[in-house]
Amino acid sequence: MTTAQRFDVVVIGGGHNGLVTAGLLAKQGFSVCVLERREVVGGAAVTETPFGPDYKVTALSYVVSLLPPAVVSALELPRFGYHVYPQHGYFAPAADGTALQVPADAARRHAELSRYSPSDADAMVRWDAWLGRLGAILGPLLTTVPPKLGSKRPGDLLDLASLAWRLKALDVGQVGDVTKLFTASVADLLEDWFEHPRVRGVMGVSGIIGTWAGPRSPGTAYVLAHHKLGDLGHGHAGAWGFPRGGMGGVTQAMRQACEALGVVVKTNAAVDRILVTDGRAMGVALECGDEFDADTVVATCHPQLAFLRLVERRHLPGDFVRAIETWRSRSGTVKVNVAVDRLPTFTARPRFDPEVHGGTIVLSESLDDLEGAFQDAAAGRAAAKPFADICIPSVFDPTLAPEGKHVVSMFAQWVPHTWAAAPDRAGLEAFADRVVARVEAVAPGFTSSVLHRQVLGPHEMARDYGLVGGNIFHGELSLSQLFHLRPAAGFSDFRTPIRGLYLASSATHGGGGVTGLPALQVVRAVVEDR
């Protein structure tokens, strides 16, 4: 007979939210155990070696920005090797041999944009200021637990009044801006601000990354803001960067920080069920039969895994189950990782340039370019002309590849979302061929430089990494799945219908990207309830 191990808190899932939750609770004096199904922690933020030990590849998530400084400081992550190399802006080459460059430096950005459109160069200055002002509004909202709208309980009404008080300083124009941001398409938003198709095309990518929606779909304007707001707690835009050691360098630093605080981290520990007695979580049982007793269980996996697989439905209200069953996690994302024997030589920039090769290379020439790719997938076929967000982190980090060689990360969309459940491997490889061909068109010789290739589609993301539907946000960032509805009405406070069971995945408020915000919020809830 197996003897159960006892902890104050058991965390299901060793992704970044699970590790941050564990570390912060350990600092509060709790005994904590993290249970990770895979052989390595990190979730979607992992560094792998699919091409052998000489090449370290960031399999899925590939850049970091949204991790709050409070998390970095509290867990002392730099002490454990955490370091981020700043990204040097955007470079958008086109098949006609020209390129639009958007440097991180404001003065140089204005000069580069002026080559395409003096009007857009001036508009970008106003855009940055506008987005900064919105950041000051949205930052506090994204770090605030949403109130339970519709509840008549005195405490919930007080929370609603508190939110209204915080928003009272907004003027009519600011309320309009926020409303537009949450409801408009990114295409409509950008077309209001900018005139040149190439400028719109590059900026539009941030509105559709990881989404099952084209740039003309309502609500994608918010996705752009979500990606552009870096230090959310302070409400100003932050810069993206490449972590040393790949994204696995971030989560391995988190693991070491946790273990230094006394957290027990177990890998190859797949949870079979959450133990519930009289409406209260009592611990978990693993597939191998081991049990872990705990008064508090924090799930950081997709809500459909947490509540439809790990919890018997008799323990959950019917309306809550229906909300989770209808939670949308569609995706047409494909990650293509390659090892190359040389850096790409772009027709528009034939020499090595750290602002080109060390930035994000965007293959998107217009909003119509993006919309056409999405409409292909919506019609049930992989995009004929996929877009791609491309990074070469080995330009900064020599530990990722042998000298003279590099790893290239290509985040592309769209393939049919149905490929998550019914994969088409031949179609997926053909799609990856078209991604490589788009790079070849702007950097001749790229195809022949490829030594190894890894292609991960929605099916692989769901099967291997727990991303239901292949969705990198654990649920679409659509208006019907934000704020008090994330992941279900009445349960946006990181608590669940089962006492002692909490949810802190990317499907909760503030989630989506490597933010750690769900972890910060769930720690507050656990401490408050204890």
Side-chain angles (χ1 to χ4, degrees), residues 7-36 38 40-47 58 61-86 139 142-143 230-234 238-267 294 296-301 397 494 502-506 508-528 530:
F7 293 90
D8 294 328
V9 182
V10 167
V11 178
I12 302 173
H16 77 279
N17 277 317
L19 294 169
V20 172
T21 297
L24 295 181
L25 284 174
K27 288 197 72 170
Q28 296 274 354
F30 294 90
S31 62
V32 186
C33 179
V34 175
L35 301 173
E36 168 55 44
R38 301 183 72 220
V40 62
V41 298
V46 288
T47 301
T58 295
S61 177
Y62 54 101
V63 286
V64 65
S65 169
L66 302 180
L67 195 64
V71 169
V72 176
S73 174
L75 297 182
E76 301 180 72
L77 295 183
R79 173 185 162 200
F80 301 100
Y82 175 80
H83 177 78
V84 177
Y85 302 96
L142 286 170
T143 56
D231 186 354
L232 295 176
H234 293 84
W240 295 94
F242 308 112
R244 180 189 293 144
M247 289 301 292
V250 177
T251 47
Q252 286 301 317
M254 289 176 175
R255 175 178 184 163
Q256 292 177 49
C258 284
E259 292 177 331
L261 291 164
V263 175
V264 175
V265 180
K266 292 183 176 292
T267 54
T296 299
V297 177
V298 180
T300 64
C301 52
D397 188 349
F494 305 87
Y502 300 79
L503 183 69
S505 80
S506 288
T508 56
H509 178 61
V514 183
T515 69
L517 292 177
L520 288 172
Q521 298 288 20
V522 83
V523 167
R524 295 187 184 111
V526 169
V527 171
E528 179 181 319
R530 299 275 291 210

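The first residue in the sequence is number 1, and the count goes up from there.
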> Would V265 and E36 count as a side-chain contact (heavy atoms from CB on, under 4.5 Å) if you check the C-alpha gap in whole Å, the side-chain angles of each, and the deciding distance to 0.1 Å?
Replying inline: CA-CA 8 Å; V265 180; E36 168 55 44; 5.8 Å; no
> Under 4.5 Å between any side-chain heavy atoms of K27 and L261, yes or no?
Replying inline: yes
> Does V72 reach the side chain of P78, with side-chain heavy atoms less than 4.5 Å apart?
Replying inline: yes
> What are the two closest non-hydrogen atoms of L503 and C301, and how far apart are they?
Replying inline: CD1-O, 3.7 Å
>> Using every non-hydrogen atom in the two residues, find where C258 and G23 come nearest and quote the distance to one decimal.
In response: SG-N, 3.5 Å
> Does any non-hydrogen side-chain atom of V41 lie less than 4.5 Å from one of V34?
Replying inline: no
>> Using the salt bridge (Lys or Arg N to Asp or Glu O under 4.0 Å) criterion, which residues pair with R524? Sequence neighbours excluded.
In response: none
> Does a side-chain heavy-atom distance below 4.5 Å link T47 with Q252?
Replying inline: no
> Quick one: does T515's side chain have a donor or acceptor within less than 3.5 Å of a partner on G511's backbone?
Replying inline: no
> Just by modelled atom types, is the R244 backbone N or O under 3.5 Å from a matching donor or acceptor in the D397 side chain?
Replying inline: no
>> Between T508 and F494 (side chain of the first, backbone of the second, donor and acceptor by atom type, cut-off under 3.5 Å), is there such a pair?
In response: no
>> To the closest 0.5 Å, what do you measure between CG (L25) and CZ (F7)?
In response: 13.5 Å
> From Y502 OH over to Q521 CD, what is the distance, rounded to the nearest 0.5 angstrom?
Replying inline: 13.5 Å
> So do the side chains of V40 and T267 get within less than 4.5 Å of each other, counting heavy atoms only?
Replying inline: no
> Taking atom CG of L35 and atom OG1 of T300, what is their separation to the nearest 0.5 Å?
Replying inline: 10.0 Å
> Considering all heavy atoms of both residues, which atom of A45 and which atom of T251 are nearest to each other, and what is their separation?
Replying inline: O-OG1, 2.8 Å
>> So which atom in V46 and which in M247 form the shortest heavy-atom distance, rounded to 0.1 Å?
In response: N-CB, 4.2 Å
>> For a quick test of reading the model, state the closest non-hydrogen atom pair linking P518 to N17 and the distance between them.
In response: CD-OD1, 3.6 Å
>> Return the CG to NE2 distance between L517 and H509, rounded to the nearest 0.5 Å.
In response: 8.5 Å
>> Within this structure, what is the CG-CD distance for the pair L19 and E259, rounded to the nearest 0.5 Å?
In response: 9.0 Å
>> Quick check: closest heavy atoms across A294 and D8, and the distance to 0.1 Å?
In response: CB-O, 3.9 Å
>> Using 0.5 Å steps for rounding, measure from the NE2 atom of H16 to the OG1 atom of T21.
In response: 9.0 Å
> Passes side-chain contact (heavy atoms from CB on, under 4.5 Å), L75 versus L24? Steps please.
Replying inline: CA-CA 7 Å; L75 297 182; L24 295 181; 4.0 Å; yes
